[in-house]
Amino acid sequence: MQPIKESVDWYRFLARPRLPAADSAAEQILRGKSILVTGAGGSIGLSLAVRLAKLSPHKLILLEASESHLHELQSRFDRNQSVDQSADDRICYLGNVTDEALLDEIFAQHQPDWIFHAAAHKHVSLLEGHPLAALANNVLGTHALCMRAEAGRSRMVLLTTDKAAAPTSMMGATKRVAELIVLAMGGTAVRLGNVLASRGSVVETFTRQIAQGKPITITDPEAARFWLTVEESIELLISAVAEANDSATDAVLLVPNLVRTHLVEDLAKFVVSQLSPDRPPLVEFIGLGPGEKKLEVMWAEGEEVAVASRNGLRRIHTPLMPRKQLEFGLRELRLATGRRDLAEALAALQSLVPDYTPSQRVIANVKHASNQVQA
């Protein structure tokens, strides 16, 4: 059995037309500009970097925390020179958005006009066991980046997630705070659904299980998600630039115009049909993990959705927090995270996202940390 191919027609599974590609107006806004991409070695970051390179930017600044992912990114450009207008105008940095000295260097040297912020810790179950890391990267890193973007008059596009809507996980709650930060500073946030065949996605898990002859594990027979492809995600992020440019107000929260969810079990059966069509799908239901939802939503109660635009995006009117209140909560969060005081950090997080209730896994981490201090 061969690994699943990039050429798999995911639209057979999605049973819908492709979402619209970015139009020339959005592309024109980015031409000749200095563009910073964080998380540039991730599945979406890498594809976005390649797509942006075709728009002849003045500079393409690529920041990636993983050495192996940055190497893969550079190799991708080296193998495909047609997407790289000029290697001299592409600058790669190995580092993290939490490294404020590095951010100062990048902004001083390159003065980016646009920032696509794709860097994030994103694995729901994993982050339930590493909440301080999620807070530092997803929240404090975003804030550090936004402060420099605001000072340098850079325009920001945040890649966020449907898990930020009515969050039940540390990943979702931290991305909700990232949304609040970006929107408070006049940026744009694009709340995507689950991206098919991205690195670390459930498709990878299914592929590995099929190759090993093991049952496919699914949390719940009713578990359903909004799905879109990597290519659609990239086009939506570029389209968001035009939405931001046309906005009467600075802050814009966008979601894809996805009209329905698909069962995770149906996705598993589709993957089996592509990789091992002669094998009957063996499915094992294992229950929801810490922080996981049975059903995802693209917007929460209290958020209002507008009609879809021609570029496949819908605007969300979301409650925002007064800037001073947001800054106070972030200051408390920064102090608690710096002390590695999980109880105080969690209290600060809940002050910023009142509708977030930590999972029992996170609560257990708080109790464990408290016992360690007392010992």
Quick one: are [X] and [Y] in side-chain contact, heavy atoms under 4.5 Å?
{"X": "Met156", "Y": "Glu150", "result": "no"}
{"X": "Gln209", "Y": "Glu284", "result": "no"}
{"X": "Val195", "Y": "Ser43", "result": "no"}
{"X": "Val353", "Y": "Asp355", "result": "yes"}
{"X": "Asp23", "Y": "Ser239", "result": "no"}

Would you tabulate the side-chain donor-acceptor contacts of residues 265-273 under 3.5 Å, counting partners in other chains and residues two or more places apart, or write 'none'?
| residue | atom | partner | partner atom | Å |
| --- | --- | --- | --- | --- |
| Ser273 | OG | Phe270 | O | 2.5 |

Verify salt bridge (Lys or Arg N to Asp or Glu O under 4.0 Å) between Glu27 and Arg31, making sure each step is shown before the conclusion. CA-CA 6 Å; Glu27 294 179 335; Arg31 292 187 191 278; 3.7 Å; yes

Output yes when Glu231 and Arg51 qualify as a salt bridge under the 4.0 Å nitrogen-oxygen rule, no when they do not.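 So Glu231 does not pair with Arg51 through a salt bridge.
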
What orientation do Phe13 and His262 show, parallel under 30°, tilted 30 to 60°, or perpendicular over 60°? tilted

Would you say [Y] ends up clustered with [X] if hydrophobic residues are merged whenever their side chains have heavy atoms under 4.5 Å apart, either directly or through other cluster members?
{"X": "Leu313", "Y": "Val297", "answer": "no"}
{"X": "Leu352", "Y": "Val366", "answer": "yes"}
{"X": "Val177", "Y": "Met171", "answer": "no"}
{"X": "Val203", "Y": "Val283", "answer": "yes"}

Side chain to side chain donor-acceptor pair (under 3.5 Å) partners of residues 112-121, not counting sequence neighbours, each pair once: Thr38-His117, His117-Thr142

Contact list for residues 167-194, test side chain to side chain donor-acceptor pair (under 3.5 Å), sequence neighbours left out: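 Output for this query lists Asn138-Thr174, Thr160-Glu179, Lys163-Asn194, Arg176-Glu179, Arg176-Thr318, Glu179-Arg191, Arg191-Glu303.
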
Connected hydrophobic set around Val259, excluding itself, where side chains approach under 4.5 Å: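 Members alongside Val259: none; it stands by itself.
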
Test your reading of the model: is there a side-chain donor-acceptor pair from Arg279 to the backbone of Ile210, 3.5 Å cut-off?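 Indeed, once roles are kept as given, a pair shorter than 3.5 Å links the two residues.
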
Taking Arg18 for its side chain and Tyr11 for its backbone only, find out whether a donor-acceptor pair lies under 3.5 Å.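 No; zero donor-acceptor contacts below 3.5 Å.
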
Hey, which of Val37, Val230, Val157 is the one that makes side-chain contact (heavy atoms from CB on, under 4.5 Å) with Leu48? Val37

From Ile91 atom CD1 to Asp89 atom CG, the distance as rounded to the nearest 0.5 Å: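 Going from the CD1 atom of Ile91 to the CG atom of Asp89 covers 6.5 Å.
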
Distance col, row Ile61:CD1 vs Gln111:CD, nearest 0.5 angstrom, shows 10.0 Å

Please report, to 0.1 Å, the donor-acceptor pairs under 3.5 Å made by any side chain of residues 324-332, with sequence neighbours excluded.
| residue | atom | partner | partner atom | Å |
| --- | --- | --- | --- | --- |
| Glu327 | OE1 | His143 | NE2 | 3.2 |
| Glu327 | OE2 | Arg323 | NE | 3.2 |

NE2 of His317: more than 12 outside heavy atoms within 6.0 angstrom?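 Yes, the 6.0 Å shell around NE2 holds more than 12 heavy atoms from other groups.
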
N/O donor to acceptor pairs below 3.5 angstrom from side-chain atoms of residues 123-133, sequence neighbours left out:
| residue | atom | partner | partner atom | Å |
| --- | --- | --- | --- | --- |
| Glu128 | OE1 | Ser359 | OG | 2.5 |
| Glu128 | OE2 | Met170 | N | 2.6 |

For a quick check under 3.5 Å, do Glu296 and Thr261 share a side-chain donor-acceptor pair by atom type? no

